[in-house]
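First the proteins, then the strands, lettered A, B, ... as listed; each starts at 1. These numbers come from the heavy atoms of this one structure, side chains and all, not from hydrogens, waters or symmetry mates.
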Protein chains: 2
Amino acid sequence: MNSSDKIKVMIVDDHDMVRIGLRTYLMLEPRLDIIAEAGNGKEALQWLEARKEEEHPDIILMDMMMPEMDGIEATRSVMAKFPAIKIVMLTSFLEDDKVYAAIEAGAVSYVLKTVSAEELIYAINGAFKGMPVMTADVSQALTRGLRQRTAQSGDEDLTEREKEVLLLIADGLSNKEIAEELHISIKTVKTHVSNLLMKCEMEDRTQLAVLAHRKGWAKRA
Amino acid sequence: MNSSDKIKVMIVDDHDMVRIGLRTYLMLEPRLDIIAEAGNGKEALQWLEARKEEEHPDIILMDMMMPEMDGIEATRSVMAKFPAIKIVMLTSFLEDDKVYAAIEAGAVSYVLKTVSAEELIYAINGAFKGMPVMTADVSQALTRGLRQRTAQSGDEDLTEREKEVLLLIADGLSNKEIAEELHISIKTVKTHVSNLLMKCEMEDRTQLAVLAHRKGWAKRA
DNA sequence: ATTGTCCTCGGTCTAGAGACCGAGGAACTC
DNA sequence: GAGTTCCTCGGTCTCTAGACCGAGGACAAT
């Protein structure tokens, strides 16, 4: 533990030009050292797994929207395997539920891509000390996201099957289509849907779909 | 008109780090000269209007998603007032209808932010000659976008009232609740819903809600 | 004046959604 | 063995959703 050591940073973003921009940003702060880059979450994980923990970065600048494996999922995986790494989530947009999802996944900070170099460096320094740095708009989005979370009790007490059904509902499938997709009776689907409605305190499948999308559970394709 | 003149480029993007990355990209090609930058379409227009045409750029690299005035709208305005300028649209995502909208607005090329420096320079050189440069994925999206348009396109040919109803559906409201919210009969709501289902080529309100969320139309709170 | 679009509202009808009742089997825990 | 949870499936019921039919008034464009 040498306090004079540089902060090792890894950049994960699918856009080459953004990575270049970030590199230029971080070159302004001599204490920062960019030791690795990756084009998506999968690449980042593979890079980390192929190396010893001593070679790992202190900070990962993680883009939210990426092909293969997005920032949320990648953050979850990285935190599960290498909890020592601090992750700063980078994004272009401010979506309440995404902010919450990022924090829940284990990200220390959540930074908009509109930041200046100084702000980003400040956020990285803060993250290195384990201190989340939030701009006003982000923290507002977070509280809104939290309100949504705490509002409905049924968070993760859904069974695996129920989660499957919920995702299909969030994809716009009817009960019949879900039954065919899962190779079960339409009656069983109805049972799951009823349980979902009860647990999530929703009134119909449309509200379930909305819920899933707001929480970021639904697939984007 | 000197053929040895440099190609004058203007960069319009709300992300400082992307602008830095783009500058670094374009510095690789000495024939390119970055003469201006702007953070959104409005700024870009103001900059152009405040200067003589001789000082105008040959090429504008225009980001699609921006605050104040987005890339589509800005392209339309620029083309209306300064048709000599060639616009290369830059974007992070590949949405079929957006590609079409960009071309329709007057953009010469449509380039993903995942491009390398060489590809971008190639696209700029092509645009300078008035030749659209498309990667395979973009041109596929364009044809798909065209198919959607010519077929029916569930895009923006919705009436104001229909958009209102769609947003409420995307919020999880029932027909009865929508009727109360808008102070109209439940019968009228049903009419709007039926029209929405037809125009958007969806089968039920849940799919409408999913569509709205995927397109980013739905409100978050 | 005519055409067209939009918003409004009504009736009827069918199919799906969802509530509520039941139950059996599998897997796990104590 | 007893209890629990989960997944499965059935019947019956009510209610909403949505399709399809109609129509009238407001408003703008030509």
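In terms of heavy-atom proximity, A:M10 sits nearest to A:P57 at CB-CG, 3.6 Å. Contact between B:A170 and A:V210 at its shortest, heavy atoms only, is O-CG2, 3.1 Å. The minimum heavy-atom distance between A:H15 and A:D13, with the atom names listed, is N-OD1, 2.8 Å. The shortest heavy-atom contact between A:M17 and B:K113 is CE-O, 3.7 Å.
To the nearest angstrom, P of D:dG18 lies 14 Å from NE2 of B:H192. Rounded to whole angstrom, the span from the CG atom of A:L197 across to the C1' atom of D:dT16 amounts to 14 Å. Whole-Å rounding puts the A:E164 CD to D:dC6 P distance at 14 Å. D:dT5 atom P lies 17 Å from atom CD of A:E160, rounded to whole Å. Remark: C1' of D:dA17 and NZ of B:K190 are 6 Å apart, rounded to the nearest angstrom. The separation between B:R161 atom CZ and D:dG25 atom P is 20 Å, rounded to whole Å. Across the protein-nucleic acid pair, A:E162 atom CD and D:dC6 atom C1' stand 9 Å apart, rounded to whole Å. If you take CG of A:N175 and P of D:dA17, they are 15 Å apart, rounded to a whole angstrom.
For B:K42, the NZ atom sits in a loose shell: 12 or fewer heavy atoms of surrounding residues, nucleotides or ligands are nearer than 6.0 Å.
Separation of atoms CD (B:E203) and CG (B:L208) is listed at 10.5 Å; rounding is to 0.5 Å. With rounding to the nearest 0.5 angstrom, the OG atom of A:S174 is 10.5 Å from the CD1 atom of A:I169.
Remark: A:F82 pairs with A:H56 by the ring-ring contact (aromatic ring centres under 6.0 Å, His included) rule, at least two apart or across chains.
Residue B:M62 forms a side chain to side chain contact (heavy atoms under 4.5 Å, CB included) with just one option from B:V12, B:I11, B:T91, and that option is B:V12. Partner of B:I60 under the side chain to side chain contact (heavy atoms under 4.5 Å, CB included) criterion, chosen from B:L48, B:V108, B:V88, B:V9: B:L48.
Less than 4.0 Å separates DNA chain C from no heavy atom of any residue of residues 181-188 of chain A.
Taking 4.0 Å as the cut-off between side-chain N and carboxylate O, B:R76 and B:E73 do not count as a salt-bridged pair. In this structure, A:K163 pairs ionically with A:E160, as a charged nitrogen and a carboxylate oxygen lie closer than 4.0 Å.
Between B:S174 and D:dT16 there is no side-chain N or O to OP1 or OP2 distance below 4.0 Å.
If you find the closest nucleotide of DNA chain C to A:S194 and to A:T191, the one lying nearer the 5' end belongs to A:S194.
Axis deviation across the helix from C:dA1-D:dT30 to C:dT14-D:dA17 amounts to 10°, comparing end segments of five pairs, rounded to 10 degrees.
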Please tabulate, one pair per line, each protein N/O and nucleotide N/O from nucleotides 28-30 of chain D that are separated by under 3.5 Å, including the distance.
none

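At least one donor-acceptor pair closer than 3.5 Å links the side chain of B:R205 to the backbone N or O of B:L173.
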Which donor-acceptor pairs under 3.5 Å do the side chains of residues 182-193 of chain B make with protein atoms, sequence neighbours left out?
residue, atom, partner, partner atom, Å
B:S185, OG, B:K187, N, 2.8
B:T191, OG1, B:K187, O, 3.0

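In 5' to 3' order, the nucleotides of DNA chain C bounding all contacts with chain A (an atom under 4.0 Å from a heavy atom) are C:dA17 to C:dA19.
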